[in-house]
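The structure under discussion appears below in the form of structure tokens.
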Amino acid sequence: MKWLQGRVLENRHWTDALFSIRVETPPLAFEAGQFVRIALEEDLARPFSFVNPPQDPVLEFYGIVVPEGPLSPRLARLQAGERLLVATNPAGFLVLSEVPEAKTLWLVSTGTGIAPFLSILRSEALWRRFRDVVLVHAVRHRRELVYQDIIRKHLVRYLTFVSRESAPGSLAGRIPAAILDGRLEQAAGLALDTDAHVMLCGNPEMLRDAAAALAQRGLRKHRRRIPGHITVESFW
Ligand SMILES: Cc1cc2nc3c(=O)[nH]c(=O)nc-3n(C[C@H](O)[C@H](O)[C@H](O)COP(=O)(O)OP(=O)(O)OC[C@H]3O[C@@H](n4cnc5c(N)ncnc54)[C@H](O)[C@@H]3O)c2cc1C
Ligand SMILES: NC(=O)c1ccc[n+]([C@@H]2O[C@H](COP(=O)([O-])OP(=O)(O)OC[C@H]3O[C@@H](n4cnc5c(N)ncnc54)[C@H](OP(=O)(O)O)[C@@H]3O)[C@@H](O)[C@H]2O)c1
């Protein structure tokens with residue numbers, strides 16, 4: 001694999017566990033929603049989604065410390081001026097160019113799974129192509145509802161779930177249950193039907209259970225050869 005030498009400009013800590021790294025690298029082309037492998041040493045690399053839109057020359061990654069994980073605790077400790085390797089081959093299909101025609105686009109995430117949607121949210125094609133855009137972010141605690149400044153600048157319907165404490169203004173519980181019982185649609189004021197396309201990102205169990213709940217509404221996985229309504233990206 002080929003690597004770009006990056007220099008960390010900032011490592012912002014939202015909580016003890018959540019961090020956002022901004023890194024300067026030579027130019028790197030990608031499509032909003034894609035990911036790239038990052039590393040401190042070449043033999044320990046992990047994929048991370050771009051948070052920044054492609055037109056922004058400074059790359060940004062949003063991460064969480066998995067305490068027993070080999071890389072994320074070290075990324076969280078990175079400081080301005082330190083080196084971060086960024087692979088030269090961004091990849092991934094969680095991108096608008098793979099999404100077929102739809103009236104409403106739902107961007108549905110848990111935890112750090114919001115990262116690619118922050119890039120997509122700032123891409124021009126989004127506002128040309130869809131009548132409504134709904135961003136859904138589920139976290140354990142209120143303080144994990146990050147990037148509010150960027151989100152609130154856009155005309156997106158922004159719905160949040162906080163699952164482990166009470167949080168006025170946020171839905172309680174989990175995304176799949178709220179699809180099944182209609183709470184998600186009610187909160188958005190929009191239908192989850194076959195006029196919608198749903199992009200799901202984050203916890204693999206949420207992806208599986210949400211896709212099963214959506215199947216009950218007639219939505220099915222999108223494939224290039226057999227167009228559908230659901231695109232997924234699992235973070236582990
Ligand atoms: C396509 C893709 C894109 C990704 N984009 C991001 C991103 O933008 N931000 C990010 O933080 N991570 C992202 N990840 C996960 C990331 O690559 C690492 O797995 C993560 O940073 C933990 O690395 P680690 O070496 O410490 O532990 P690992 O050995 O990689 O993971 C150990 C365990 O930690 C848990 N875990 C891993 N990632 C997460 C996570 N993000 N949130 C909660 N639990 C997790 C899982 O149970 C996993 O089995 C992405 C993964 C994939 C496949
Ligand atoms: N978040 C923290 O406070 C924190 C702090 C330090 C380290 N970490 C580490 O980070 C990792 C977890 O990260 P995270 O909290 O961002 O991710 P997460 O466990 O995936 O939780 C994020 C959101 O997804 C929901 N969720 C979990 N499983 C689901 C499922 N099967 N279906 C639908 N929704 C589901 C959670 O609800 P529930 O609450 O109902 O599970 C929560 O609202 C762990 O390795 C942990 O050790 C987390």
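In what follows, residues are counted from 1 in the order of the sequence shown. Indexing begins at 1, ligand by ligand and atom by atom, following the structure's order.
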Can we call the ring centroids of F35 and F50 under 6.0 Å apart?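 Judged by ring-centre distance (under 6.0 Å), F35 and F50 do not meet the cut-off.
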Has [X] got a side-chain atom pairing as donor or acceptor with [Y]'s backbone, closer than 3.5 angstrom?
| X | Y | result |
| --- | --- | --- |
| R152 | Y158 | no |
| Q148 | L145 | yes |
| R220 | P227 | yes |
| R129 | V99 | yes |
| T110 | G202 | no |
| S163 | V139 | yes |
| E60 | S20 | no |
| H137 | V146 | no |
| D132 | T104 | no |
| E82 | L78 | no |

[X] N/O under 3.5 Å from ligand 2 N/O:
| X | answer |
| --- | --- |
| R140 | yes |
| E144 | yes |
| E68 | no |

Hey, which atoms in ligand 2 end up nearer than 4.0 Å to a heavy atom of [X]?
| X | answer |
| --- | --- |
| P67 | 47 (O) |
| S163 | 36 (C), 37 (O), 38 (P), 39 (O), 40 (O), 42 (C), 43 (O) |
| H141 | 3 (O) |
| P176 | 33 (C) |
| A138 | 22 (C), 23 (C), 43 (O) |
| A17 | 5 (C), 6 (C), 7 (C) |
| T110 | 23 (C), 24 (O) |
| V66 | 45 (O) |

Give me the residue, atom name and distance of the protein heavy atom closest to [atom].
| atom | value |
| --- | --- |
| atom 27 (O) of ligand 1 | G69 CA, 3.4 Å |
| atom 9 (N) of ligand 1 | Y62 O, 2.7 Å |
| atom 13 (O) of ligand 2 | I64 CD1, 3.5 Å |
| atom 3 (C) of ligand 1 | F235 CE1, 3.4 Å |
| atom 49 (O) of ligand 1 | W236 CD1, 4.0 Å |
| atom 27 (C) of ligand 2 | N203 ND2, 3.4 Å |
| atom 8 (O) of ligand 1 | S49 N, 3.0 Å |
| atom 26 (O) of ligand 1 | S72 OG, 2.6 Å |
| atom 23 (O) of ligand 1 | R46 NE, 3.8 Å |
| atom 52 (C) of ligand 1 | P47 CG, 3.5 Å |

Number the atoms of ligand 1 from 1 as they appear, then name those within less than 4.0 Å of a heavy atom of G63, with their elements.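 Going through ligand 1 atom by atom, the ones under 4.0 Å from G63 are 11 (O).
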A115 neighbourhood, listing ligand 1 atoms whose heavy-atom distance to it stays under 4.0 Å: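 Once the distances to A115 are compared, the set is 8 (O).
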Criterion ring pair (Phe, Tyr, Trp, His ring centres under 6.0 Å) against Y62, the qualifying member of Y147, F48, F117: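 It is Y147, the one option of Y147, F48, F117 that forms the ring pair (Phe, Tyr, Trp, His ring centres under 6.0 Å) with Y62.
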Using 0.5 Å steps for rounding, measure from the CZ atom of R22 to the CG atom of L84.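 Rounded to the nearest 0.5 Å, the CZ-CG separation comes out at 13.5 Å.
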For [atom], which of the options [options] provides the nearest non-hydrogen atom?
| atom | options | value |
| --- | --- | --- |
| atom 29 (C) of ligand 2 | R164, R174, E205 | R174 |
| atom 34 (O) of ligand 1 | L94, I114, V66 | V66 |
| atom 42 (N) of ligand 1 | I64, N203, T110 | I64 |
| atom 41 (N) of ligand 1 | L71, L118, V51, T112 | T112 |

Would you call V139 a ligand 2 contact, heavy-atom distance under 4.0 Å?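 Yes; V139 lies near enough to ligand 2 that a heavy-atom distance drops under 4.0 Å.
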Can you check side chain to side chain contact (heavy atoms under 4.5 Å, CB included) on V65 and D16, steps first, answer last? CA-CA 8 Å; V65 175; D16 285 350; over 6 Å; no
Under 4.0 Å, counting heavy atoms only: does F48 come that close to any atom of ligand 1?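 Checking ligand 1 against F48, which is what was asked, there is a heavy-atom contact under 4.0 Å.
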So is G92 touching ligand 1 or not, going by heavy atoms under 4.0 Å?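 No, G92 has no heavy atom closer than 4.0 Å to ligand 1.
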How about CD on E124, more than 12 heavy atoms from neighbouring residues, nucleotides or ligands closer than 6.0 Å, or not?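 It does not: E124 CD has 12 such atoms or fewer within range.
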So, R174 and E205, do they make that salt bridge, N to O below 4.0 Å?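 Between E205 and R174 there is no salt bridge, as every charged N stays at least 4.0 Å from the carboxylate O atoms.
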Do NZ/NE/NH1/NH2 and the carboxylate oxygens of E185 and R217 come within less than 4.0 Å?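 Looking at E185 and R217, the cut-off is met.
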With side chain to side chain contact (heavy atoms under 4.5 Å, CB included) as the test, would you mind laying out the steps for V66 and W236 before giving the verdict? CA-CA 12 Å; V66 177; W236 66 92; over 6 Å; no
Are V134 and L155 linked, directly or through intermediate hydrophobic residues, by side-chain heavy-atom contacts shorter than 4.5 Å (ILVMFWY only)?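 L155 and V134: separate clusters.
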Between the side chains of S97 and E31, is a donor N or O closer than 3.5 angstrom to an acceptor N or O?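 Indeed, the side chains of S97 and E31 share at least one donor-acceptor pair under 3.5 Å.
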At a non-hydrogen distance cut-off of under 4.0 Å, which region of V65 contacts ligand 2 (side chain, backbone, both, or neither)?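 Just the backbone.
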Should the proximity of M206 to ligand 2, defined as any heavy atom under 4.0 Å, be assigned to the side chain, the backbone, both, or neither?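 Both the backbone and the side chain of M206 come within reach of ligand 2.
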Polar atom proximity, S234 to ligand 1 (N or O, under 3.5 Å):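 By distance alone, the answer is no.
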Using a plain distance cutoff, I'd like to know if E233 has any nitrogen or oxygen under 3.5 Å from a nitrogen or oxygen of ligand 1.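 Between E233 and ligand 1, no N or O pair is found under 3.5 Å apart.
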Quiz question for you: does at least one protein heavy atom lie closer than 4.0 Å to atom 31 (O) of ligand 1?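 Given the 4.0 Å limit, the answer for atom 31 (O) of ligand 1 is no, no protein heavy atom qualifies.
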